[in-house]
Amino acid sequence: FYKGAEATWKDIAVHRDIDRIDYLTKWKPVLTKALQSIGINTIMAYHLLHKAGAGGTTLSKRILWDFHSLYPCLLMKKLTENTAERLKLVYKKCGLPVLVVVEVSAGTITTIKMNNFRIELMDKGIRVLFLYVSRIHNPDSKRYSHRFYLADTPNMLMSNEECQLIYGKYSKLTKDDQCLNNIQKITFPPDKEWESLRQPFFYGLFAFEKEYINIDGFVNKGLASLNKEMQDLMKLLAFLTIYCQIGLNKRDIESLFQFEDEQIMEVLSNPLIVYKNMGYRICHPIIAEAILEQYFDNQDYCGELYNYSKKVIDMLTGIYDSESKRLGDILEEIFTHREYYVDEERKKFSNLIMEFSDDLRKKELFQYLIDKLPNNPHYYNHKARVCIYPSDYTYVFDFNEAFSLAQMAIEKSEYEQNEGSAIHHHLMGKIYAKQINVMIHNSAFNESVTKLWKKIRPVYEKAELEFTQCITGKNVE
């Protein structure tokens, strides 16, 4: 556990983890009160948001452990057709609200699936408190009562008190002076560079990997002596680790690269690579970012990332059939998955797409996906989103293109009998809503409400129609 492995229940039981101050003082009382007051047929939800390496998985297990003697507690790793019935059985046997921790990701459990699942639970009369655990890259500019931030500091880094607690544990585990000096610098940072490392991950890295005094050294040693084919695999694994929760399996690797069996075993035994959730990936997103920085030109990092994104599309569509569920899952998480929260709503695009400030590049990437996979409605949907959510707010909205793309998404979804056509009607409604906002913004200062309403009413009614179809899932007049 101290060397970076996921905490076992024994680790939690003997309290090898540290006390997270915000949890003990703020969140635990909130969760306790919520479980005590949750009503019949009620589903409640809170979010635990954390950066990579912050200990989010460990804390989610600590929360379950702390409450398991008072309430039935479950860790949900996948959602199947039997999950609701199993929850109902637990609820009926205990007669108490159920605390369920869910690690949200596009490859396993998505927000859309969870929304449908919550409705199903309400219909069964089950009282559930969900705690969604999600990783975010940057802290929100505001704080919200239903979201817990690990840690609840401006940069989501550990507080002085937490750093001293974790230092107390790690300082007893290393006798190497240099390792001890490094973790002292994290605990009592001499500058901002060391302060930025105040995460549990770096304590483990510096305490036990004494020959690696920084991330670059750790990465350089792992990449040393690799041939071009192995470097290409490392680059792909790094990309997927940052932008996707799904790793490559052995079949993927054999299809993509020309390795002999002994070469595959050699590269997969590299200390930078781990096997997790049925796939190979880089041991940590922070390490994965350092790997890409090794291969990409820092002078044009976004340009390199853009070109490599297209290459990844080519690689994956080259080994999978266009209708492959695995291909769809991987590409969804990279290009269209937007689970993580910023301010008052979900991000407008996936973490990868948010890397690009150039809207033309965003459009070109979605068009590249459309050309490769023309029957997938989500790529039309997200290209339309670029038209109404531009990076440059001096942009003139292209409503004609947005409407055309949204209509294509609806048609493709209905023709393919694709689940979730409602989200494309929702987008169409949002486009009309954006058009109304522009009309109001551009109206004369002294224009009467009656005159303005007469102007926007036809657009409003179209938006209302789309949102109604989104809710009902049916065509309505």
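Residue numbers start at 1 and run along the sequence shown.
Proximity of a side-chain donor or acceptor of Tyr379 to a complementary backbone N or O of Asp371 within less than 3.5 Å is not detected. In this structure a side-chain-to-backbone donor-acceptor pair under 3.5 Å is missing from Thr83 to Leu79. Using a distance-only test at 3.5 Å, with no hydrogens or angles considered, no donor-acceptor pair links the side chain of Thr42 to the main chain of Ile38. Listed for the His68 side chain is a donor-acceptor partner under 3.5 Å among the backbone atoms of Trp65. Looking only at distances, a side-chain donor or acceptor of Asp297 sits under 3.5 Å from a matching main-chain atom of Gln299. Although no hydrogens or angles enter the test, the distance criterion places no donor-acceptor pair under 3.5 Å between the side chain of Ser413 and the main chain of Ile410. At distances below 3.5 Å, at least one donor-acceptor pair connects side-chain atoms of Thr468 with backbone N or O atoms of Glu464. A distance-only check finds a donor-acceptor pair linking the side chain of Ser37 to the backbone of Lys33 [under 3.5 Å]. Looking at Asp22, its side chain does come within 3.5 Å of a backbone N or O of Asp152 through a donor-acceptor pair. The backbone N or O of Ser391 sits less than 3.5 Å from a side-chain atom of Asp359, completing a donor-acceptor pair.
In this model, a donor atom of one side chain and an acceptor atom of the other lie less than 3.5 Å apart for Glu355 and Tyr243. For the residue pair Asp17 and Thr58, no side-chain donor N or O sits within less than 3.5 Å of a side-chain acceptor on the partner. Under 3.5 Å, the side chains of Thr57 and Glu103 contain a donor-acceptor pair of N or O atoms.
Of the charged side-chain nitrogens involved, at least one lies within less than 4.0 Å of a carboxylate oxygen, so that Lys455 and Glu447 count as a salt-bridged pair. Between Glu466 and Lys462 there is no salt bridge, since none of the side-chain N atoms of the basic residue sits less than 4.0 Å from a carboxylate O of the acidic one. Salt-bridge annotation for Asp314 and Lys372: present, with a side-chain N of the basic residue lying under 4.0 Å from a carboxylate O of the acidic one.
Listed by chain and number, the residues in a salt bridge (charged side-chain N to carboxylate O under 4.0 Å, His left out) with Asp66 are Lys28, Arg62 (sequence neighbours excluded).
Between the CG atom of Leu99 and the CG atom of Leu129 there is a distance of 5.5 Å, given to the nearest 0.5 Å. Annotation: the span from Arg385 atom CZ to Ile431 atom CD1 amounts to 9.5 Å, rounded to 0.5 Å. Rounding to the nearest 0.5 angstrom, the gap separating the CG atom in Leu75 from the OG atom in Ser60 is 6.5 Å. In this structure, the separation between NZ on Lys235 and CE on Met230 is 16.0 Å, given to the nearest 0.5 Å. The CD atom of Glu162 lies 9.5 Å from the CD atom of Gln199; values are rounded to the nearest 0.5 Å. For the atom pair Gln36 CD and Leu70 CG, the distance stands at 9.0 Å (nearest 0.5 Å).
By the 4.5 Å heavy-atom criterion applied to side chains, Leu35 and Arg127 are not counted as neighbours. Annotation: side chain of Tyr308 is in contact with side chain of Leu236 (closest heavy-atom distance under 4.5 Å). Taking the side chain as every heavy atom from C-beta outward, Ile253 and Leu268 approach each other to under 4.5 Å. Within the 4.5 Å cutoff, no side-chain heavy atoms of Ile313 are placed close to those of Leu373. Side-chain contact between Met122 and Arg118 is absent, with no heavy-atom pair separated by less than 4.5 Å. With contacts defined as side-chain heavy-atom distances shorter than 4.5 Å, the pair Tyr295/Leu223 qualifies.
Annotation: salt bridge (charged side-chain N to carboxylate O under 4.0 Å, His left out) contacts involving residues 374-384, sequence neighbours excluded, comprise Lys383-Glu401.
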- Task: Could you give me the CA-CA distance, side-chain angles and deciding distance for Asn116 and Glu120, then say whether side chain to side chain donor-acceptor pair (under 3.5 Å) is met?
- Result: CA-CA 6 Å; Asn116 295 332; Glu120 186 179 359; over 6 Å; no

- Which is it for Leu74 and Leu87 under the side chain to side chain contact (heavy atoms under 4.5 Å, CB included) test, yes or no, and what are the steps along the way? CA-CA 9 Å; Leu74 301 173; Leu87 254 177; 3.5 Å; yes

- Tyr389 and Phe349: side chain to side chain contact (heavy atoms under 4.5 Å, CB included), yes or no, with the steps? CA-CA 9 Å; Tyr389 298 121; Phe349 302 99; 4.1 Å; yes

- Task: Begin from the C-alpha positions of Val128 and Met44 and carry the test side chain to side chain contact (heavy atoms under 4.5 Å, CB included) through to its verdict.
- Result: CA-CA 6 Å; Val128 179; Met44 296 181 68; over 6 Å; no

- Checking side chain to side chain contact (heavy atoms under 4.5 Å, CB included) for the pair Arg198/Ser159: CA distance, chi angles, key distance, verdict? CA-CA 8 Å; Arg198 301 184 103 184; Ser159 64; over 6 Å; no

- Message: Quick one, Tyr301 with Phe296, criterion ring pair (Phe, Tyr, Trp, His ring centres under 6.0 Å). Give me CA distance, side-chain angles, the key distance, then yes/no.
- Response: CA-CA 6 Å; Tyr301 187 88; Phe296 288 174; 5.4 Å; yes

- Assess whether side chain to side chain donor-acceptor pair (under 3.5 Å) is satisfied between Tyr306 and Glu364, documenting all intermediate values. CA-CA 10 Å; Tyr306 167 77; Glu364 287 175 347; 2.7 Å; yes

- Query: When you look at Asn351 and Lys347, which way does the side chain to side chain donor-acceptor pair (under 3.5 Å) test go after all the steps?
  - Reply: CA-CA 8 Å; Asn351 287 328; Lys347 286 185 176 179; 3.0 Å; yes

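Counting all heavy atoms, side chain and backbone alike, Ile282 lies closest to Ala288 at CG2-N, 3.8 Å. Pairing each heavy atom of Asp252 with each of Gly247, the nearest pair is OD2-O, 4.3 Å. Across all their heavy atoms, Phe397 and Cys387 have their closest contact at CD2-O, 3.5 Å. Residue Tyr320 comes nearest to Ser324 through the heavy atom pair CD2-OG, 3.5 Å, listed as atom of the first residue, atom of the second, then distance. When all heavy atoms of Leu233 and Leu248 are compared, the pair lying nearest together is CD1-CD1, 4.1 Å. Nearest heavy-atom pair across Val90 and Pro72 is CG1-CB, 3.7 Å.
Between Tyr432 and Phe403, a ring centre-to-centre spacing shorter than 6.0 Å is recorded. Ring centers of Tyr46 and Phe148: under 6.0 Å apart, within the cut-off. Residues Tyr280 and Tyr275 bring their aromatic ring centres within 6.0 Å. Centroid-to-centroid, the aromatic rings of Tyr132 and Phe130 come within less than 6.0 Å. Aromatic ring centres of Phe335 and His382: separated by at least 6.0 Å.
No more than 12 heavy atoms of other residues, nucleotides or ligands sit less than 6.0 Å from atom OH of Tyr460. For NZ of Lys310, the number of neighbouring non-hydrogen atoms (other residues, nucleotides, ligands) closer than 6.0 Å is greater than 12.
Of the candidates Asp329, Ile330, Leu352, Cys244 forms a side-chain contact (heavy atoms from CB on, under 4.5 Å) with just one, namely Ile330.
Using cut-offs of 30° and 60° on the angle between ring planes, the pair His378 and His424 is tilted.
A cation-pi contact, defined as under 6.0 Å to the ring centre and within 45° of the axis, is absent between Lys362 and Phe356.
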